[in-house]
Each structure stands twice: as C-alpha cells, then as structure tokens.
Amino acid sequence: MVTNSNESSQQTESLNLLTSTQSVIKEALSKLGYQESMYELLKEPLRVLTVRIPVRMDNGEVKVFTGYRAQHNDAVGPTKGGIRFHPEVTEEEVKALSIWMSLKAGIVDLPYGGGKGGIICDPREMSFPELERLSRGYVRAISQVVGPTKDIPAPDVFTNSQIMAWMMDEYSCIREFDSPGFITGKPIALGGSHGRETATAKGVTICIREAAKKRGFELNGARVVVQGFGNAGAYLSKFMHDAGAKVVGISDAYGALYDPNGLDIDYLLDRRDSFGTVTKLFSNTITNKELLESECDILVPAAIENQITAQNAPHIKAAIVVEAANGPTTLEATKILTERGILLVPDVLASAGGVTVSYFEWVQNNQGYYWSEEEVEEKLEKVMVRSFENVYTTSQTRRVNMRLAAYMVGARKMAEASRFRGWV
Ligand code: GLU
C-alpha cells in the first residue's frame with residue numbers, strides 16, 4: 001500500500017497511543033494482582049468494525065468515507081463513547097480511545113464498558129447537507145452492532161448535538177420506534193440532558209479545584225492556560241474566568257494568544273466559530289509550543305493527542321496539569337512531569353464529566369422522566385469529587401503517579417466483571 005509520509009506518521013503516532021495505553025494497563029493489572037490472561041483480554045477491543053460510507057456530495061459526485069466503531073469490553077454493561085469526525089482518525093486511535101472510555105466508565109463508576117467511533121473526514125470543509133448524509137450513512141453502516149442496550153454513541157471531536165439528532169433519527173427509522181436512548185449529547189428538544197453540553201468542562205473545573213486544594217492554592221487569582229478552544233476548552237475558559245482565575249493563554253489549531261494580565265474571555269467566546277477557531281482574528285499570536293511552555297499555575301491541554309512530550313515536559317512552568325483532551329501527554333512526559341513534582345490529573349479522570357452526564361441522559365431517556373439542570377450538576381459534582389479523591393488516595397497509598405492510579409481504579413471493575421462472567 002502506498003501512503004504519504006503524513007499518513008504514515010499519523011499511523012505511527014496512533015500506534016504509539018495504543019501501545020503506551022497497553023503498557024499502563026499491563027502495569028495496573030499487575031499491581032492489582034491479575035494474571036497475564038486478564039491483560040490479554042483487556043489489551044485490545046473485543047470488536048472493531050470498519051465501514052465504508054458512500055455519500056453524494058453537493059457537486060453530484062459520490063465520495064466514499066471510511067469509518068470505525070470499536071467496542072472495548074462489555075463485561076460491565078453496554079459499551080459507550082463518542083464519535084469523532086477528523087481527517088486524522090485511524091483505526092489504532094479509535095481502539096485506544098475505546099480503551100480509555102472503559103477506564104473512564106470504571107473511574108466514575110458507570111454501568112458501562114468503553115466504545116469509540118470515528119470517520120476520516122474534514123467537517124470544516126463539508127456543507128450541512130453533506131454532514132447529514134454522512135452521519136446517517138454511518139448509522140446505517142453500524143446499526144447492527146449499536147443500540148440502547150448494546151453500544152451508545154455520543155459527541156466527540158468535531159461532532160455536536162445536531163449530528164447526534166440526525167443519527168438518532170436515522171436509528172429510530174431503521175428500528176421503527178423512537179429510540180432516544182440510542183445516543184447521548186442530543187439537543188434538549190430530542191431528549192438531551194440539561195448540563196450535557198457543558199459537562200466535560202464542568203468535570204475538568206471540579207478536578208482543577210480539587211487539585212489546587214491538594215497543592216494549597218485557590219482558583220481565585222490563579223493563572224490558567226487552556227490549549228484548545230473547542231467545546232471543552234471554551235466552556236472551561238469561561239468557568240475558570242467566572243471562578244476568579246486569570247485565563248492568560250488560549251489556543252486553537254492555527255495559533256495561540258497569551259496575555260499575562262488575562263485575556264478577554266467573553267469577547268473570545270463571542271467571536272469563536274463552531275470549530276473553536278478564534279486566533280485568526282489576531283496578528284500578535286504565538287505558537288502552540290510557546291503557549292505550553294508559558295508562565296502559568298495551571299495548564300489544561302484541551303485539544304488533541306501527543307501535545308506534552310519528552311521535548312517540552314522539562315520546560316512546563318505550571319504546578320498542575322489537568323488533561324481535558326484525550327491522550328495529550330505521552331508516557332515519557334508523564335514521567336518527567338511527575339519527577340518534577342507537577343501534579344498531573346490524567347484524561348481518564350479529568351474528562352470523565354462528559355460521559356457521566358451522558359449516563360444521566362441515558363437514564364432519563366430510559367425512565368422517560370427528566371431532571372433539572374441543578375439536579376444534574378449536583379449529581380455530577382458528587383461523582384467527580386468522589387472519583388478524584390479515590391484516584392488521589394490510590395496514588396498516595398500505592399505510591400504511583402495519578403495516571404497509573406486512575407488506570408488501577410478504572411480497570412478494577414471491568415476485570416472483576418470479566419472474571420465473574422467466567423471469561424478469564
Ligand atoms: N466523547 C466524550 C469522551 O471522550 C464523551 C463520551 C460519551 O459521552 O459517551 O469522553
């Protein structure tokens with residue numbers, strides 16, 4: 001097969017994501033006292049479906065897209081996790097992301113295993129009708145392996161509540177009954193939950209607050225840098241700003257802004273587009289690399305994978321790094337940050353607020369009785385505080401870093417459930 005160098009470096013990076021996740025799972029399971037056979041079961045998803053989706057484009061031509069759905073482990077319950085639309089999606093990446101969803105579900109104690117989907121496409125260059133046809137085509141292609149009691153999708157990078165609505169409608173047409181519990185992250189009018197849109201950022205905010213307490217400082221007045229201005233990054237900047245923190249840096253795919261006196265977050269939120277792009281409006285931008293190494297107390301990578309590496313980890317100035325994105329820090333960088341005494345709150349804990357409120361949405365769909373925003377927020381607060389404390393205590397008592405502690409907490413229930421089922 002001929003691949004261009006960009007494609008093959010992407011594949012290598014995704015493979016690294018998968019192999020490094022596998023190495024932490026192996027270590028976590030061995031610390032928990034499981035045999036090698038448990039690792040053999042959990043190191044890869046149980047199922048990965050590859051689909052080809054023909055879509056009629058607006059110019060009349062048909063373009064065929066490739067998509068994936070990975071289901072990591074369904075011993076605890078149905079699998080659950082988002083669908084991303086991105087030009088750099090690979091099968092290996094989707095596999096790693098499905099494993100992380102299993103861990104997240106275990107950490108916040110949801111009755112789910114992990115799943116993840118992805119389509120190789122660039123939604124920034126597609127029209128609304130093309131995106132609708134692609135979304136519906138993907139659901140037709142995966143319909144046999146998903147469902148409210150099998151595998152429940154949700155939004156992820158570059159997908160939103162409108163895309164969830166089209167997918168829910170397509171699934172309901174195929175099954176011939178209304179199926180709001182098939183997918184989460186829907187618009188409120190279609191059975192979405194209050195608080196789902198902001199849930200990932202709320203969860204990250206709670207983790208930042210708890211981490212700051214452990215390090216003995218308050219959010220009020222703390223300097224925060226947020227890399228990425230998508231759903232999580234943008235809401236997080238707002239919540240940090242509202243909590244009295246000074247957001248000194250933000251970025252998008254095209255560049256970064258830094259002001260030691262604090263940025264005008266309300267203005268930036270107002271001007272960002274639906275893909276989180278805002279820095280194009282400014283000429284005095286810095287690079288994403290400079291942003292990560294800039295002066296701050298709290299650094300939040302909220303964009304994509306492999307951003308904090310062995311190269312820049314020695315230069316990070318923050319006292320706390322909280323991962324709002326999936327997989328932003330490599331294992332070598334995790335080691336360097338830990339050795340430097342920086343408190344790293346890992347993705348599988350910090351970004352679990354999204355799937356937690358997705359679970360609340362699914363519960364509300366199943367019972368047909370809906371909760372107020374206050375009820376959702378109160379429940380999310382309890383789940384996140386308890387989960388943070390659990391991972392932090394594990395890291396202290398077992399003398400391991402927060403990532404390994406989170407993997408230990410996350411893998412335990414899935415391993416137990418697999419054992420009780422007699423699989424291992
Ligand atoms: N895509 C989100 C994540 O990575 C949410 C998944 C969900 O809500 O099921 O956690």
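Salt bridge status for Lys379 with Glu374: absent, with no side-chain N to carboxylate O gap under 4.0 Å. The residues Glu218 and Arg209 are annotated as not salt-bridged, no charged nitrogen and carboxylate oxygen being separated by less than 4.0 angstrom. The existence of a salt bridge linking Lys80 and Asp151 is excluded, since no basic side-chain nitrogen approaches an acidic carboxylate oxygen closer than 4.0 Å. Between Glu293 and Lys289 there is a salt bridge, since a side-chain N of the basic residue sits under 4.0 Å from a carboxylate O of the acidic one. Salt bridge status for Arg124 with Glu130: absent, with no side-chain N to carboxylate O gap under 4.0 Å.
In Gln144, the CD atom is not crowded: 12 or fewer heavy atoms of neighbouring residues, nucleotides or ligands sit closer than 6.0 Å. Summarising the local packing, NZ of Lys317 is surrounded by more than 12 heavy atoms from other residues, nucleotides or ligands at distances under 6.0 Å. Environment of NZ in Lys335: sparse, with no more than 12 heavy atoms of neighbouring residues, nucleotides or ligands closer than 6.0 Å. Within 6.0 Å of the CD atom in Gln35, the count of heavy atoms belonging to other residues, nucleotides or ligands does not exceed 12.
With respect to Asp252, the side chain to side chain donor-acceptor pair (under 3.5 Å) criterion is satisfied by exactly one of Thr277, Thr279, Asn288: Thr279. For the pairing with Phe360, the ring pair (Phe, Tyr, Trp, His ring centres under 6.0 Å) check across Tyr369, Tyr370, Trp371 returns one residue only, Trp371.
Using a distance-only test at 3.5 Å, with no hydrogens or angles considered, a donor-acceptor pair links the side chain of Asn312 to the main chain of Thr309. A distance-only check finds a donor-acceptor pair linking the side chain of Gln22 to the backbone of Lys43 [under 3.5 Å]. Checking side-chain atoms of Asn220 against main-chain N and O of Ala245 turns up no donor-acceptor pair under 3.5 Å. With hydrogens and angles disregarded, a donor-acceptor distance shorter than 3.5 Å links the side chain of Thr287 to the backbone of Glu290. At distances below 3.5 Å, not a single donor-acceptor pair connects side-chain atoms of Arg47 with backbone N or O atoms of Val145. Within the 3.5 Å criterion, the main-chain N or O of Ser143 finds a donor-acceptor partner in the side chain of Arg175. Remark: the backbone N or O of Arg223 is paired with a side-chain donor or acceptor of Asp297 at under 3.5 angstrom. Checked by atom type and distance alone, the side chain of Glu361 pairs as donor or acceptor with a backbone atom of Lys186 at under 3.5 Å. In this structure, Ser251 contributes its side chain and Gly228 its backbone to a donor-acceptor pair below 3.5 Å. For the pair Gln364 (side chain) and Trp362 (backbone), a donor-acceptor distance under 3.5 Å is absent.
The CG atom of Leu236 sits 9.5 Å away from atom CZ of Phe229, with the distance rounded to the nearest 0.5 Å. Here CG of Leu343 is found 11.5 Å from CD1 of Ile208. Values are rounded to the nearest 0.5 Å. A distance of 11.0 Å separates CG of Leu299 from CD1 of Ile320, quoted to the nearest 0.5 Å. Of the inter-residue distances, the one linking Cys173 atom SG with Met168 atom CE reads 9.5 Å to the nearest 0.5 angstrom. Separation of atoms NZ (Lys413) and OG (Ser102) is listed at 11.5 Å; rounding is to 0.5 Å. Considering NZ of Lys104 and OG of Ser387, their distance stands at 12.5 Å, rounded to 0.5 Å.
Taking both residues in full, the closest heavy atoms of Gly327 and Leu17 are given as O-CD2, 4.3 Å, listed atom of the first, atom of the second, then distance. Listed here is the closest heavy atom pair of Ile107 and Val409: CA-CG1, 4.1 Å. What you find for Gly262 and Val248 is that their closest heavy atoms are N-CG1, 4.1 Å. Closest heavy-atom contact between Ala411 and Leu103: N-CD2, 3.9 Å. Taking both residues in full, the closest heavy atoms of Val226 and Ala302 are given as CG1-CB, 4.3 Å, listed atom of the first, atom of the second, then distance. Contact between Tyr68 and Thr90 at its shortest, heavy atoms only, is CE1-C, 4.0 Å.
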Report task. Would you check, one step at a time, whether the test side-chain contact (heavy atoms from CB on, under 4.5 Å) holds for Ser20 with Thr330? Result -> CA-CA 8 Å; Ser20 50; Thr330 65; over 6 Å; no
Query raised in the report: side-chain contact (heavy atoms from CB on, under 4.5 Å) between Met408 and Val400: does it pass, once the steps are laid out?
Result: CA-CA 10 Å; Met408 288 168 70; Val400 294; 4.3 Å; yes
Requested in this report: Tell me, with the steps shown, if Lys116 and Glu93 meet salt bridge (charged side-chain N to carboxylate O under 4.0 Å, His left out).
Outcome: CA-CA 9 Å; Lys116 199 72 162 205; Glu93 180 200 40; over 6 Å; no
Report task. Kindly indicate, with the supporting measurements, whether the criterion side chain to side chain donor-acceptor pair (under 3.5 Å) is fulfilled by Arg196 and Ser358. Result -> CA-CA 7 Å; Arg196 175 63 187 85; Ser358 273; 2.8 Å; yes
Requested in this report: Given salt bridge (charged side-chain N to carboxylate O under 4.0 Å, His left out), test Lys214 with Glu389 step by step and report yes or no.
Outcome: CA-CA 10 Å; Lys214 301 288 179 201; Glu389 209 43 52; 3.1 Å; yes
Report task. Apply the test side chain to side chain donor-acceptor pair (under 3.5 Å) to residues Glu416 and Tyr34: give CA-CA distance (whole Å), side-chain angles for both, the deciding distance (0.1 Å), then the verdict. Result -> CA-CA 10 Å; Glu416 275 304 272; Tyr34 285 101; 2.6 Å; yes
**Report entry** Residue pair Val146, Val139: steps toward the side-chain contact (heavy atoms from CB on, under 4.5 Å) verdict
**Finding:** CA-CA 9 Å; Val146 288; Val139 171; 5.8 Å; no
Requested in this report: Step by step, work out the side chain to side chain donor-acceptor pair (under 3.5 Å) result for Glu323 and Thr329.
Outcome: CA-CA 8 Å; Glu323 297 180 330; Thr329 313; 2.5 Å; yes
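For Asp169, the side-chain hydrogen bond (donor to acceptor under 3.5 Å, both in side chains) test picks out Arg136, with sequence neighbours left out. Listed by chain and residue number, nothing satisfies the ring-ring contact (aromatic ring centres under 6.0 Å, His included) test with Phe217 (two or more places apart in sequence, or in another chain). In this view, Thr334 and Arg403 satisfy the side-chain hydrogen bond (donor to acceptor under 3.5 Å, both in side chains) rule, not counting sequence neighbours. Residues satisfying the side-chain hydrogen bond (donor to acceptor under 3.5 Å, both in side chains) test with Glu176, not counting sequence neighbours, are none.
Annotation: side chain of Tyr392 is in contact with side chain of Met402 (closest heavy-atom distance under 4.5 Å). In this structure, the side chains of Pro328 and Asn306 stay at 4.5 Å or more apart for every pair of heavy atoms.
Taking the six-membered ring where the residue is Trp, Phe239 and Tyr235 present parallel rings, their angle staying beneath 30° rather than reaching 60°.
Under the salt bridge (charged side-chain N to carboxylate O under 4.0 Å, His left out) criterion, the residue pairs touching residues 26-35 are Lys26-Glu36, with sequence neighbours excluded. Listed by first and then second residue, the ring-ring contact (aromatic ring centres under 6.0 Å, His included) pairs involving residues 166-192 are Phe128-Trp166, Tyr171-Phe182 (not counting sequence neighbours).
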